[in-house]
Amino acid sequence: MALLAFFLFTLVVFSSSSCSAIWFQHPHRYIQKKTMLELASRIGINYGRQGNNLPSPYQSINFIKLIKAGHVKLYDADPESLTLLSQTNLYVTIAVPNHQITSLSANQTTADDWVKTNILPYYPQTQIRFVLVGNEILSVQDRNITANVVPAMRKIVNSLRAHGIHNIKVGTPLAMDSLRSTFPPSNSTFREDIALPLMLPLLKFLNGTNSYFFINLQPYFRWSKNPNHTTLDFALFQGNSTYTDPHTGLVYHNLVDQMLDSVIFAMTKLGYPYIRIAISETGWPHSGDIDETGANVFNAATYNRNLIKKMTAIPPIGTPARPGSPIPTFVFSLFNENKKPGSGTQRHWGILHPDGTPIYDIDFTGQKPLTGFNPLPKPTNNVPYKGQVWCVLVEGANEAELEEALRMACARSNTTCAALAPGRECYEPVSVYSHASYALNSYWAQFRSQNVQCYFNGLAHETTTNPAFSQEMIAASSRALLCEQERLKEI
């Protein structure tokens with residue numbers, strides 16, 4: 001079966017050139033190709049709003065026009081944004097949040113109501129081109145959502161067609177965790193637990209509606225997890241390094257093409273070699289935690305500039321497995337979103353400050369020569385940091401929020417806050433700030449290996465400067481960590 005799939009895929013790849021003339025023999029295919037080219041030539045921007053310092057939709061949309069993006073992707077169907085976008089020439093993508101998927105799949109009337117509320121009042125003045133149902137649904141780990149995403153998509157398409165709308169495509173963005181293996185690309189397959197129950201129905205739907213497989217593609221994480229396996233230049237579309245797939249002989253010059261072709265091979269093995277691909281999220285963080293190697297302005301600007309240059313090339317470059325194929329692409333993201341949980345990189349993907357000034361210069365048209373940009377600051381963290389790191393409170397942290405964080409930190413383990421008990425070495429001085437300062441650092445030190453981040457909803461951050469703990473507090477923190485390690489050994 002694997003040999004048959006590989007043979008079919010090879011046949012598809014090497015017959016692509018002979019198929020090009022067919023576009024001109026069949027007018028509807030020519031129109032379809034023209035639409036694909038137009039969608040791909042307009043580089044999109046992800047407009048997320050998980051922040052408490054972001055400008056209004058009116059200001060944000062003006063910023064999007066100023067950077068000359070051609071397409072904007074919302075993570076909802078915000079009425080204010082959709083109304084404002086009707087006065088622009090921007091293509092628009094809207095989304096169904098994950099928590100609405102189950103209700104939309106329940107019956108056609110619910111889906112009809114969603115379309116009547118979120119599309120019909122704005123379309124066609126607002127140039128909606130994609131509806132994305134959910135976002136990275138596998139990360140939610142809710143089987144109910146996974147089981148209902150394709151039925152929800154089908155009902156939305158039914159409603160759109162009932163209103164005579166055929167140029168809005170429906171899909172769902174997945175992350176690379178939908179694949180079991182991705183290297184080499186020709187070995188890629190979808191995970192066994194989702195291949196038949198989710199991926200096969202999804203691919204059948206996308207094929208039947210001539211839609212796109214939307215993939216959230218973040219080479220930063222692939223590179224940073226194993227920088228010895230992939231060079232930074234390869235991840236940033238730079239240098240002369242290449243990789244040749246041992247099974248197909250296809251030669252790769254960058255990590256993005258490798259990852260995209262991994263998806264193409266996985267789809268082919270399920271019997272769907274022709275489904276188009278769109279990149280619903282991609283980018284590079286310009287900052288992060290101290291131990292998040294390579295998250296800097298230089299790399300972020302280099303990645304996004306080279307990405308846009310590649311994706312706006314005329315004629316389209318495509319990938320080694322699909323040469324000449326246009327790929328609609330959305331850069332992630334417009335702003336930093338300071339209310340996102342997780343590590344520091346999660347809050348540092350933006351290309352603009354909240355006032356609209358650029359974090360680094362970028363040209364969404366792809367027309368500016370790469371040599372035409374101002375010099376970038378030299379990166380200082382492209383190799384892993386080897387020194388010591390502490391977790392300290394931010395200045396002006398809210399006392400009520402600190403009190404809540406203190407309770408949380410002390411509740412998980414008896415050893416975390418043992419030194420803060422009355423009469424113990426770190427009880428004095430008695431204040432929320434002092435106790436929280438010790439407790440959050442101690443908690444982070446104990447559970448850092450379990451993916452606990454030094455953030456605590458914005459109350460703390462990492463530092464390489466030894467904080468003003470007393471020697472007793474530092475010693476107590478170390479003892480707490482050792483106690484916890486001993487406790488874990490006994491379990």
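These numbers were taken from a predicted model, which means no experiment stands behind them.
- Screening residues 152-171 for salt bridge (Lys or Arg N to Asp or Glu O under 4.0 Å) gives no qualifying pairs among residues at least two apart or on separate chains.
- No donor-acceptor pair under 3.5 Å is formed between the side chain of D245 and the backbone N or O of P184.
- Here salt bridge (Lys or Arg N to Asp or Glu O under 4.0 Å) pairs that include residues 278-291, with residues two or more places apart or in two chains, are D291-R448.
- Screening residues 87-116 for salt bridge (Lys or Arg N to Asp or Glu O under 4.0 Å), with sequence neighbours left out, gives no hits.
- In the model, Y252 has a side-chain atom that pairs as donor or acceptor with a side-chain atom of D261 under 3.5 Å.
- Listed by first and then second residue, the side chain to side chain donor-acceptor pair (under 3.5 Å) pairs that reach into residues 327-336 are H286-N336, sequence neighbours excluded.
- Within the model, atoms CD of Q367 and OG1 of T365 stand 4.0 Å from one another, a figure rounded to the nearest 0.5 Å.
- Under the salt bridge (charged side-chain N to carboxylate O under 4.0 Å, His left out) criterion, R49 pairs with D76, D78, not counting sequence neighbours.
- Without hydrogens or angle criteria, S188 side chain to P185 main chain gives a donor-acceptor distance under 3.5 Å.
- With hydrogens and angles disregarded, a donor-acceptor distance shorter than 3.5 Å links the side chain of N306 to the backbone of T302.
- Residue pairs meeting the ring-ring contact (aromatic ring centres under 6.0 Å, His included) criterion with at least one partner in residues 73-121, sequence neighbours excluded, are H71-Y91.
- Annotation: F190 is not in aromatic contact with F265 [ring centroid separation under 6.0 Å not met].
- Considering only residues two or more places apart in sequence or on other chains, D257 meets the salt bridge (charged side-chain N to carboxylate O under 4.0 Å, His left out) condition with K310.
- Pairs engaging residues 327-344 under the salt bridge (Lys or Arg N to Asp or Glu O under 4.0 Å) rule: E337-K340 [sequence neighbours left out].
- Interatomic distance, CD1 of I264 versus OH of Y274, reported as 13.0 Å (0.5 Å rounding).
- Partners of E192 according to the salt bridge (charged side-chain N to carboxylate O under 4.0 Å, His left out) rule, which considers only residues two or more places apart in sequence or in another chain, are R180.
- In terms of the side chain to side chain donor-acceptor pair (under 3.5 Å) criterion, S139 has no residue partners (sequence neighbours excluded).
- When ring centroids are compared, Y212 and F130 come within the 6.0 Å threshold.
- Counting only distance, with no hydrogens or angles, the side chain of W284 and the backbone of Y220 share no donor-acceptor pair below 3.5 Å.
- Geometric assessment of R276 against the ring of F213 yields a negative cation-pi assignment under the 6.0 Å and 45° thresholds.
- Remark: of the listed residues F330, Y303, F221, F221 is the sole one forming a ring pair (Phe, Tyr, Trp, His ring centres under 6.0 Å) with W349.
- Residues E292 and T345 bring a donor and an acceptor atom of their side chains to less than 3.5 Å of each other.
- For the salt bridge (charged side-chain N to carboxylate O under 4.0 Å, His left out) test, residues two or more places apart in sequence or in another chain that qualify with R191 are D193.
- Residues satisfying the ring-ring contact (aromatic ring centres under 6.0 Å, His included) test with F335, not counting sequence neighbours, are none.
- Side-chain N/O atoms of N135 and N216 include a donor and acceptor closer than 3.5 Å.
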